[in-house]
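Note that these values count all heavy atoms, side chains included, but never hydrogens, waters or copies made by symmetry.
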Amino acid sequence: MGCNVPLWPFILVHIWLSVTGFQAAQAGHWVTHSYAWMNFTIVALGCWTVGQKDMKENCLMLVISLILGFIFDIVFMAIYFDDFSCNKSNRFGNCSAHSEYLWSLFMAILNCLFKIATLIIAICEYKNRGGDVPKVKASVSVG
């Protein structure tokens with residue numbers, strides 16, 4: 001029993017969210033270029049997984065990169081996010097740059113959250129291609 005949800009729509013959404021999440025970084029506003037490298041590597045692995053359906057290794061690489069990408073997204077946003085407003089003296093100077101910054105940050109947060117849904121679909125795809133997912137049995141004994 002596996003899921004029959006296609007992976008390619010999730011990859012298309014990641015392309016859009018990665019581009020819009022990185023648009024303020026091009027002006028040097030909130031995040032480094034390593035954010036783009038990480039997210040576009042995930043997109044490239046996703047395109048490889050969608051394009052080559054006879055391998056399970058590319059699907060496993062996508063799963064691992066999604067897990068690492070989720071962790072690093074949280075770290076990037078925690079380090080590089082600053083709370084700026086239009087009425088304060090800040091590095092933007094105008095409210096239009098501030099709205100671009102907030103839009104970019106919102107898209108980066110959506111991208112981070114959407115990685116969880118993509119991870120679930122990628123694990124299902126990995127199982128459909130014959131990959132083994134270990135079953136973890138957790139037991140708690142008292143006494």
With sequence neighbours left out, write down each residue that passes side chain to side chain donor-acceptor pair (under 3.5 Å) with [X], or none if nothing qualifies.
X	value
Trp48	Gln52
Ser34	Thr32
Ser18	Asn111

Minimum heavy-atom separation for [X] and [Y], please, with both atom names.
X	Y	result
Ala122	Leu66	CB-CD1, 4.2 Å
Ile42	Leu62	O-CD1, 3.7 Å
Cys59	Arg129	CB-NH1, 4.3 Å

* Asked: Are Cys47 and Ile11 close enough that some pair of their side-chain heavy atoms sits under 4.5 Å apart?
  -> yes

* pair Leu45-Asn58: side-chain heavy atoms closer than 4.5 Å ->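 Counting from C-beta outward, Leu45 and Asn58 never come under 4.5 Å.
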
Please report the interatomic distance [atom1]([X]) to [atom2]([Y]), rounded to the nearest 0.5 Å.
X	Y	atom1	atom2	value
Ile15	Asn39	CD1	CG	11.5 Å
Leu12	Leu7	CG	CG	10.0 Å
Phe106	Leu17	CZ	CG	9.5 Å

* Those residues that, when tested against Pro6, pass side-chain contact (heavy atoms from CB on, under 4.5 Å) (two or more places apart) ->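 side-chain contact (heavy atoms from CB on, under 4.5 Å) list for Pro6, sorted by chain: Trp8, Pro9.
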
* Asked: Taking a hydrophobic cluster as the set of Ile, Leu, Val, Met, Phe, Trp and Tyr residues connected by side-chain heavy atoms closer than 4.5 Å, whether directly or through intermediates, do Val43 and Ile120 fall within one such cluster?
  ->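 Looking at the clustering, Ile120 is in a separate group from Val43.
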
* Same hydrophobic cluster for Ile116 and Trp16, using side-chain heavy-atom links shorter than 4.5 Å among ILVMFWY? -> no

* **Test ring-ring contact (aromatic ring centres under 6.0 Å, His included) applied to Phe114 - qualifying residues, sequence neighbours left out** =>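 By the ring-ring contact (aromatic ring centres under 6.0 Å, His included) rule, Phe114 matches Phe10, His14.
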
* With Ile123 as reference, evaluate Asn128, Thr118, Leu60, Val63 under the side-chain contact (heavy atoms from CB on, under 4.5 Å) test and give the passing residue. => Val63

Report, one line per pair, each donor and acceptor closer than 3.5 Å where one atom sits in a side chain of residues 67-78; sequence neighbours left out.
unit_1, atom_1, unit_2, atom_2, d
Asp73, OD2, Lys115, NZ, 2.6

* Asked: Does Met107 CE have over 12 foreign heavy atoms under 6.0 Å away?
  ->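 More than 12 heavy atoms, drawn from other residues, nucleotides or ligands, come within 6.0 Å of this atom.
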
* Step by step, work out the side chain to side chain contact (heavy atoms under 4.5 Å, CB included) result for Val19 and Phe40. => CA-CA 9 Å; Val19 168; Phe40 290 127; 4.0 Å; yes

